[in-house]
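This report refers to the structure that appears directly beneath it.
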Amino acid sequence: MRTIGNWLRNPWGRPRALVLITGVYIAWSILPVVIAILFAFNSGRSRTTWQGFSLRWFTGDPYGSVLHDPDLQSALKHTILLAIISVVIATPLGVTLAMGLQRWRGRGSGTVNILMLLPLVTPEIVMGVSLLLLFLQIFSAIGLGTTAQAIGQITFTISYVVVIVRGRLVSIGPEYEEAAADLGAPPHDVLLRVLLPLLAPAILASAAIVFALSIDDFVITQYLSGDASTTTVSMLLYASARGAPTPALNALATVCAGDHARHARPHVSRLPAVRRRFGRLGASAMAAMEV
């Protein structure tokens, strides 16, 4: 009661309860992942009873480990392939679309903005069925398989890139580009030497999110799969969960998590350098504007 009374007298004080709630939420979110990774190193076949530490399900088992099971290897390779394709295509497309939509002030801009946000609010199962019918009825020459899966993932991940990059564009404003143009920089130098370095944190964050979304996606990838060679890790986990899965699935998920962390780490490590460069660019542009 005393704590509540102190909060009522000073509601703008240090939010200790908020810190506690945030910590509990983070622990609750991470705990299942930690448990799943822990049982990837279980020496027995159980996924609920700890039987000792072992690398059996990574490399040791001659038949069921990730290293020796061809189904697990195929699913992992195909998942990473789709993620790389999505990042390479969706990120630059999303950046260009964000820059174009941010500067479009004519007729039809509002409609295009709404259409761009539709993949974010459309239920994934609706999009999956729609894309399935699209590739079966209209683009039957493409058919189902890797190409259809890549197109489907790019379709719904582009919106995330657009939202993140447009938010960065709004925070930057047009002042830096205008200052560079006033100093005589041609349009391509304004883009390459001013705008893109300022957008680098948003672009790196977008690429990491697209990679994570691609690895995590199940519905669209499932609907657009062709045969066993287009099975991803999420599809394999779902199919095996109804049977008697071994900790090899935990090991496979652990490898995916480690691969995602490995790809995200360089982007995160570059952020301080990008911020320092952004500060130098901002100071130079502001000095030029004052002159």
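Annotation: the span from Lys77 atom NZ to Leu82 atom CG amounts to 14.5 Å, rounded to 0.5 Å. Rounded to the nearest 0.5 angstrom, Asp216 CG and Phe211 CZ are separated by 12.0 Å. Atom CG in Leu224 sits 9.0 Å away from atom CD in Gln153 (nearest 0.5 Å). Separation of atoms CD1 (Ile154) and OG (Ser159) is listed at 12.5 Å; rounding is to 0.5 Å. Residue Leu213 holds its CG atom at 5.5 Å from OH of Tyr160, rounded to the nearest 0.5 Å. Atom CG of Leu204 sits about 9.5 Å away from atom OG1 of Thr91, to the nearest 0.5 Å.
Using cut-offs of 30° and 60° for the angle between ring planes, the Phe218 and Tyr238 rings count as tilted. Phe135 and Phe139 have tilted rings, their planes meeting at an angle from 30° to 60° on a 0 to 90° scale.
Closest of all the heavy-atom pairs between Gly44 and Trp57 is O-NE1, 3.0 Å. In plain terms, the two heavy atoms of Leu38 and Trp50 that are nearest each other are O-CZ3, 3.2 Å. Asp71 and Leu236 make their closest contact through O-CD2, 4.2 Å (heavy atoms, listed as atom of the first residue, atom of the second, distance). Of all the heavy atoms in Ser214 and Ser86, the pair that sits closest is OG-OG, 3.8 Å. Taking both residues in full, the closest heavy atoms of Leu72 and Ala248 are given as CD1-CB, 3.9 Å, listed atom of the first, atom of the second, then distance. Here the closest heavy-atom approach between residue Thr231 and residue Ala228 is recorded as OG1-O, 3.1 Å.
A donor-acceptor pair is defined here as one N or O able to donate and one able to accept, closer than 3.5 Å; no such pair exists between the side chain of Ser140 and the backbone of Gln137. Side-chain atoms of Arg56 never come within 3.5 Å of backbone atoms of Asn42 as a donor-acceptor pair (strictly under, hydrogens ignored).
The hydrophobic clustering, which links ILVMFWY residues whose side-chain heavy atoms are closer than 4.5 Å, places Ile26 and Val24 apart. Linking ILVMFWY residues whenever their side-chain heavy atoms come closer than 4.5 Å, directly or via other members, places Tyr223 and Val126 in the same cluster. Note on Ile35 and Ile30: separate hydrophobic clusters, where clusters join Ile, Leu, Val, Met, Phe, Trp and Tyr whose side-chain heavy atoms are under 4.5 Å apart, directly or indirectly. Residue Phe39 is grouped with residue Leu31 when hydrophobic side chains (ILVMFWY) are merged at heavy-atom distances under 4.5 angstrom, including chains of intermediate members. Both Val129 and Met235 are assigned to one and the same hydrophobic cluster, defined by single-linkage of ILVMFWY side chains at heavy-atom distances under 4.5 Å.
Around OH of Tyr25, the count of heavy atoms belonging to other residues, nucleotides or ligands within 6.0 Å does not exceed 12. Environment of CD1 in Ile125: sparse, with no more than 12 heavy atoms of neighbouring residues, nucleotides or ligands closer than 6.0 Å.
With a 4.5 Å cut-off on side-chain heavy atoms, Phe156 and Asp217 count as touching. Contact check for Val165 versus Ser206: side-chain heavy atoms found under the 4.5 Å cut-off. The side-chain heavy atoms of Met127 and Leu118, taken from C-beta on, include no pair separated by under 4.5 Å. Annotation: side chain of Leu136 is in contact with side chain of Leu144 (closest heavy-atom distance under 4.5 Å). Two residues are said to be in side-chain contact when any heavy atoms from C-beta on lie closer than 4.5 Å; Leu131 and Ile220 meet this criterion. Side-chain contact between Ser229 and His78 is absent, with no heavy-atom pair separated by less than 4.5 Å.
When only modelled atom types and interatomic distance are considered, Gln51 and Ser43 share no side-chain donor-acceptor pair under 3.5 Å.
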Note to self: For Val163 and Leu120: C-alpha separation, side-chain torsions, deciding distance, then whether side chain to side chain contact (heavy atoms under 4.5 Å, CB included) applies.
What the structure shows: CA-CA 10 Å; Val163 170; Leu120 294 176; 3.6 Å; yes
Check: Hey, mind stepping through Thr221 and Gln149 against side-chain hydrogen bond (donor to acceptor under 3.5 Å, both in side chains) and telling me if it holds?
Finding: CA-CA 5 Å; Thr221 308; Gln149 289 175 323; 5.4 Å; no
Margin query: With side chain to side chain contact (heavy atoms under 4.5 Å, CB included) as the criterion, how do Ile37 and Asn250 come out once you've worked through the C-alpha distance, each side chain's angles and the decisive distance to 0.1 Å?
Written below: CA-CA 6 Å; Ile37 293 176; Asn250 298 57; over 6 Å; no
Checklist line | Stepwise side chain to side chain contact (heavy atoms under 4.5 Å, CB included) check, Leu199 with Met99 | finding: CA-CA 10 Å; Leu199 292 177; Met99 291 190 292; 4.2 Å; yes
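With Val95 as the fixed residue, the side-chain contact (heavy atoms from CB on, under 4.5 Å) test singles out one of Val162, Leu195, Ile158, Val161: Val161.
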